[in-house]
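Data block below; observations after.
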Amino acid sequence: MKKNLEKIDFGFKKVNINKKEKLVNNIFNSVSSKYDLMNDLSSLGFHRLWKQELINWIAPQSHQSLLDIAGGTGDIAKLFIKTGGLSADIIDINYNMLINGISKNNNKIRYIVGNCEKLPIRNNVYDRVTIAFGLRNITNRQLALDEIYRVLKPGGRFICLEFSQVNNNIAKKLYDLWSFKIIPKLGKFITDNEDAYKYLVESIRMFPDQDKLSSMFVKSKFERVKYKNLSNGIVSLHSGWKI
Ligand SMILES: C[S@@+](CC[C@H](N)C(=O)[O-])C[C@H]1O[C@@H](n2cnc3c(N)ncnc32)[C@H](O)[C@@H]1O
C-alpha cells in the first residue's frame with residue numbers, strides 16, 4: 001500500500017498529515033481537566049469576553065438551533081442557551097473534553113463525539129453553527145468548512161472565533177512576550193504539559209490571517225463573508241451565511 005507522505009504544520013514542526021489528529025488529541029487528553037482554568041489564566045480572562053462577543057454577533061433567538069463544532073467544555077453552547085437559543089449540540093473529537101464540561105441539568109444541550117471533517121449529521125439541520133478556537137487544530141480545515149456549510153440550513157449563519165494576526169506593533173510585542181515566555185510556563189505549572197502550550201502559541205502563528213481565512217470561507221461557498229478583529233486582532237470573528 002502507498003504511504004501518504006504529505007506534511008502538515010503541527011505548531012512550528014512539520015508532521016505527516018496522518019499524524020496530526022492523534023497529536024492534537026493527545027494534547028487535549030492531557031490538559032482536559034485543567035483546560036478551563038488554563039483558558040482563564042493564559043488569556044487573563046479575555047476568552048470570556050471574546051466568546052460573549054461571538055454570542056452577541058449571533059444574537060440567539062428562541063427558535064434557533066446551534067451546532068458548536070470542536071465545542072470542548074461547552075462554553076459557547078452554554079452561553080447560547082443562556083442567551084435564549086432553543087437547543088445546542090456540541091460535537092468534539094475528544095471525549096475527555098466533553099466530559100469535563102458536561103452540564104448534567106441542561107437538557108437543551110446534547111453531546112456528540114465526532115470528527116468535524118466528517119460530521120455524522122444530515123444536510124441542512126442547524127440555524128447556526130459556531131467553532132471557537134477549534135479550526136486551528138483541524139487537519140483538513142477546508143473539508144471542515146465544507147461540512148459546516150452542508151449541515152447549515154439555507155439562511156443559516158456560521159461564525160468562527162479564532163486567534164488571528166495582531167495589527168498593532170506594540171500590542172504584538174507584548175503579546176509575543178506573553179505567548180512565548182509566560183504561557184508555556186503556566187502550562188507546565190498548571191497541567192504539567194509545557195509542550196501542549198508551546199503548540200498552542202506556535203499554532204496561532206501558523207494559522208491563516210484574517211483575509212486568507214475569509215477566502216477559505218468563500219471557497220466553501222459561504223456568502224456575505226466578513227470579519228471583525230477583537231483585541232487588536234489577537235482574535236477575530238469570521239461570519240458567513242448559507243444563502
Ligand atoms: C482549543 S479547544 C476549544 C474548545 C472550545 N471550543 C472553547 O472555545 O473553549 C479545541 C477543541 O477542538 C477539538 N478538536 C480538534 N480536532 C477536532 C476535530 N477534527 N473534530 C472535532 N473536534 C476537534 C479538540 O478536541 C478540542 O476540544
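Atoms within a ligand are numbered from 1 in the order they appear, just like the ligands themselves.
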Contact atoms of ligand 1, heavy-atom distance to N39 under 4.0 Å: 9 (O)
Whether over 12 other heavy atoms sit under 6.0 Å from Y95 OH: no
Protein heavy atom at shortest distance from atom 13 (C) of ligand 1: D92 OD2, 3.3 Å
CG (D211) with more than 12 external heavy atoms under 6.0 Å: yes
Over 12 foreign heavy atoms within 6.0 Å of CD1, I243: yes
Proximity to ligand 1 by part of E117, non-hydrogen separation under 4.0 Å: neither
Contact atoms of ligand 1, heavy-atom distance to M97 under 4.0 Å: 27 (O)
Protein contact of atom 23 (C) of ligand 1 - nearest heavy atom, named by residue and atom, plus distance: I93 CG2, 3.6 Å
Protein residue, atom and distance nearest to atom 12 (O) of ligand 1, heavy-atom basis: A70 CB, 3.2 Å
Protein residue, atom and distance nearest to atom 20 (N) of ligand 1, heavy-atom basis: C116 N, 3.0 Å
Proximity of F217 and Y227 rings by center, below 6.0 Å: no
Test log, rule side chain to side chain donor-acceptor pair (under 3.5 Å), inputs N56 and Q52: CA-CA 6 Å; N56 295 349; Q52 186 57 55; 3.0 Å; yes
Contacting atoms of ligand 1, where contact means under 4.0 angstrom from a heavy atom of N115: 18 (C), 19 (N), 20 (N)
Identity and distance of the protein heavy atom lying nearest atom 9 (O) of ligand 1: Y35 OH, 2.8 Å
Atoms in ligand 1 with a heavy atom of G114 nearer than 4.0 Å: 20 (N), 21 (C)
Between Q142 and S220: side-chain donor-acceptor atoms closer than 3.5 Å: yes
Atom indices of ligand 1 within 4.0 angstrom of K51 heavy atoms, with elements: 7 (C), 8 (O), 9 (O)
Geometric class of the Y149/F222 ring pair [parallel <30°, tilted 30-60°, perpendicular >60°]: perpendicular
Plane angle bin for F10 and Y199 - parallel if under 30°, tilted between 30 and 60°, otherwise perpendicular: parallel
Residue portion contacting ligand 1 (non-hydrogen atoms closer than 4.0 Å) for L161: neither
Distance (rounded to the nearest 0.5 Å) between L174 CG and N232 CG: 10.0 Å
Ligand 1 atoms in contact with G71 (distance to a heavy atom under 4.0 Å): 5 (C), 6 (N)
Part of F133 with heavy atoms under 4.0 Å of ligand 1, whether side chain, backbone, both or neither: both
